[in-house]
Structures are given as structure tokens and as C-alpha cells.
Engineer: 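After the C-alpha cells below, expect a handful of questions from me.
Proteins come first, then strands; the chains are lettered A, B, ... in the order of their sequence lines, and each starts at number 1.
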Amino acid sequence: MQFPPLHEWPTTEEAAVALQNELAARVDTSAPVGAIELIAGCDIAYHLTEPRLFAAVVVLKASDLSVVEECTVTREVTFPYVPGLLSFREIPALLAAFGELLRAPGAVMLDGQGIAHPRRFGLACHLGLWLDLPCVGCAKSWLVGDHTEPGPNAGEATPLSLNGETVGAVVRSATGVKPVFVSPGHKIDVGSATQLVRATLSGYRHPAPTRAAHMAANRLRMEFGV
DNA sequence: GCGACAG
DNA sequence: ATCTTGTCGC
């Protein structure tokens, strides 16, 4: 798939924060999303000793969660890990992988936050803006917001609020596991984002899309060496 | 009194 | 993210 450049890549943390505040105004999480045929999951794996990362994007058919396409790419790390600035570290490689995709998916899911972010501009928002596609963040841990513990059964959820506004949901993705933090990134609202995660639960902690991507990224890392 | 910081 | 052994439960 093809997409136009959204911006130049900042080199400093200050510039990155400024860019987030600027781009956050373009994020749209006001409307639900329609029926989706293809959903892509993406993730990054890191080299054990070198500053290198492995990106993977896997496209699944929403109807039966079968894999229809997969693209992986390895890049050198160009930005440090800073809480709140994760997208500047992982998106460049993800974009390279998406660029090799034959068909554009109807939505994207990834490991990270959407608008449940200090500046309301998490990884899912950033990628959603670049690809101009509905994007959902499904993080494994808390970053911001208040919430209560969701029920014990798979699919149960509680709202995640920030400044009095519901920005996402804490979802029990499988019975007996710690819940995941779901929040919309772009072109999708909280309700649809949560539904999409619910519709792709795989019996494991990660929904099928992000789980498949996680495995693909690790596989590439192994093939590469370590 | 302070207090959760994505991957 | 990543390193790690055994262990518990289906």
C-alpha cells in the first residue's frame, strides 16, 4: 500500500513532543467504523545486543481471522525509548513494512496506546494519521487514566477515563490473564475500538492480529540471528 | 508526604 | 522490549 509522508522525523525529544501536540489536533476518534474485511496487526521485536529492530505487519481476514498477507522488515534503531514518545522509535520501521503490503487493510491494531496518552497522541494515533486508516491501540500495560478492574471473564471491560472523559477500555482479553488497555488511535471511536478487540480475541492475552504480528516479528529476529 | 510512565 | 526454570492447570 502507498501513503504520502506526514512529516519529517524529529531528532530531539523536545521536537517530538512539539510535533505530537501539533498532530494531536488532527486525530479523529468521533465516529464508529463500518464493517471491516481485512484487519492488520503489527508489532516490533528488538535485537538482543545491537540497536536493531524487526517490524512485522500481518493482515487477517476479519471474518475468520485467517492470515492473508504478511510483511516484515528490519531497521536500525534511530530513537531512544522514552515513555510517551514510543511512536518515534517504532513507526519508521512499521511504515516500511506497510509500504510493502499488496492490499491496504480496513483497520490496524497494534501493541501500544491510542488517545490514552499524556498528549492524547499514542502510537496508534501516530500510525493512524500516517496511514490514514482506522487504528486501534491495545497495550499490555497502563500509561495514563483511571479505571477499575474488569470482570474475570473474557470480553468483560471497564472504562478508562482521562480528565473526566472516556478515552478507552480495560479489557479482559482472555480468562485468567491481566487485562489489556484499549484506546482508539484514529478514524474510530472508543466503542468500535473495543468491539474490534472483542471481535478478534484469540483465547490468548493478545487479540489475533497483534498476536500474529508479535510472533512474525520474533520469527524474523530469530532468522536474523538472535 | 509521595505514588502507576506504552515497547 | 529482553534475559530466565520450573511449575501449575487443562
Side-chain angles (χ1 to χ4, degrees), chain A residues 13 16-17 20 23-24 27 29 41-57 72-95 97 108-129 135-150 152-154 158 160-163 167-171 173-186 193 197 202-207 209-222 224-226:
Chain A
E13 294 183 25
V17 170
Q20 289 187 317
L23 296 175
V27 170
T29 58
C42 54
D43 192 27
I44 300 281
Y46 290 85
H47 186 105
L48 278 51
T49 59
E50 296 165 27
R52 173 172 294 281
L53 49 75
F54 306 89
V57 51
T72 57
V73 66
T74 178
R75 288 289 134 100
E76 243 163 59
V77 174
T78 60
F79 203 87
Y81 170 67
V82 181
L85 298 179
L86 178 63
S87 66
F88 294 93
R89 180 177 172 80
E90 305 195 333
I91 286 192
L94 289 178
L95 292 178
V108 180
M109 192 179 290
L110 52 78
D111 277 333
Q113 313 286 346
I115 59 173
H117 177 280
R119 290 170 289 284
R120 300 182 62 102
F121 197 69
L123 180 54
C125 302
H126 205 158
L127 185 63
L129 234 41
C135 196
V136 177
C138 184
K140 297 185 298 302
S141 60
W142 177 95
L143 178 61
V144 293
D146 305 304
H147 68 87
T148 58
E149 184 78 6
N153 304 311
T158 54
L160 177 62
S161 59
L162 186 60
N163 300 318
V167 296
V170 182
V171 182
S173 48
T175 304
V177 303
K178 292 195 303 182
V180 293
F181 295 74
V182 179
S183 61
H186 185 47
V197 167
S202 60
Y204 297 91
R205 190 177 184 214
H206 288 79
T210 176
R211 177 181 162 72
H214 190 272
M215 296 181 81
N218 277 313
R219 189 192 319 149
L220 177 64
R221 175 170 58 106
M222 294 182 77
F224 191 86
V226 59

Engineer: Among the nucleotides C:dT2, B:dG7, B:dC5, which one has an atom lying closest to any side-chain atom of A:Ala45?
Structural biologist: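 Nearest nucleotide to the side chain: C:dT2.
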Engineer: A:Trp142 side chain: which of B:dG7, B:dC5, C:dT2 is closest?
Structural biologist: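 So the nucleotide nearest the side chain must be B:dC5.
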Engineer: Does A:His117 reach a base, just sugar-phosphate, or nothing at all? Heavy atoms under 4.0 Å.
Structural biologist: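 Here A:His117 touches the bases of the nucleic acid.
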Engineer: Figure out the CG/P separation between A:Asp146 and B:dA4, and round it to whole Å.
Structural biologist: 12 Å
Engineer: Side chain of A:Arg221: nearest nucleotide among C:dC3, C:dA1, B:dC5?
Structural biologist: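 Of the candidates, C:dC3 comes closest.
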Engineer: Would you indicate what A:Leu110 reaches in the nucleic acid, counting non-hydrogen atoms under 4.0 angstrom: base, sugar-phosphate, or nothing?
Structural biologist: nothing
Engineer: Can you check the A:Phe54 CZ to C:dT2 C1' distance for me, whole Å?
Structural biologist: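 So the two atoms are 13 Å apart, to the nearest Å.
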Engineer: Take atom CG of A:Leu53 and atom P of C:dT2, then tell me their distance rounded to the nearest Å.
Structural biologist: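 Spelled out: CG on A:Leu53 to P on C:dT2 is 11 Å.
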Engineer: Roughly how far, to the nearest 0.5 Å, is the CG atom of A:Asp111 from the CG atom of A:Asp43?
Structural biologist: 4.5 Å
Engineer: What is the distance, rounded to the nearest whole Å, between atom NE2 of A:His47 and atom P of C:dC3?
Structural biologist: 10 Å
Engineer: Report the distance from atom OH of A:Tyr204 to atom C1' of C:dC10, rounded to the nearest whole Å.
Structural biologist: 12 Å
Engineer: A:His147 side chain: which of B:dC5, B:dA4, B:dG7 is closest?
Structural biologist: B:dA4
Engineer: Give the ring-plane orientation class for A:Phe181 versus A:His147, where under 30° counts as parallel, over 60° as perpendicular and anything between as tilted.
Structural biologist: perpendicular
Engineer: Cation-pi check, A:Arg89 to A:Phe79: give yes when NZ or CZ is under 6.0 Å from the six-membered ring centre and within 45° of the ring axis, no otherwise.
Structural biologist: no
Engineer: Is there a side-chain polar atom (N or O) of A:Ser141 under 4.0 Å from OP1 or OP2 of B:dG7?
Structural biologist: yes
Engineer: Using whole Å, what does the distance between atom C1' of nucleotide B:dC5 and atom CD of A:Gln20 come to?
Structural biologist: 13 Å
Engineer: Check the phosphate of C:dA1 against A:Asn218, side-chain N and O only, distance under 4.0 Å to OP1 or OP2. Yes or no?
Structural biologist: no
Engineer: I need the single residue from A:Val182, A:Thr158, A:Val180, A:Thr148 that forms a side chain to side chain contact (heavy atoms under 4.5 Å, CB included) with A:Val170. Which is it?
Structural biologist: A:Thr158
Engineer: With the stacking rule set at 5.5 Å and 30°, tell me whether A:Tyr46 counts as stacking on B:dG7.
Structural biologist: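 No; centroid distance or tilt outside limits.
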Engineer: Should A:Val27 and A:Arg120 count as side-chain neighbours, where that means a heavy-atom distance under 4.5 Å?
Structural biologist: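 No. Closest side-chain heavy atoms not under 4.5 Å.
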Engineer: Would you mind classifying the nucleic acid contact of A:Leu48 as base, sugar-phosphate or nothing, using non-hydrogen atoms under 4.0 angstrom?
Structural biologist: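 Sugar-phosphate contact only.
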Engineer: CZ of A:Phe88 versus P of B:dC5: gap in Å, rounded?
Structural biologist: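 A:Phe88 atom CZ is separated from B:dC5 atom P by 21 Å.
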Engineer: With the side chain of A:Ala139 defined as its heavy atoms from C-beta on, choose the nearest nucleotide among B:dC5, B:dG7, C:dA1.
Structural biologist: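 Nearest to the side chain of A:Ala139 among the choices is B:dG7.
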Engineer: Check the distance between C:dT2's P and A:Arg89's CZ and give it to me in whole angstrom.
Structural biologist: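 Rounded to whole Å, this separation is 11 Å.
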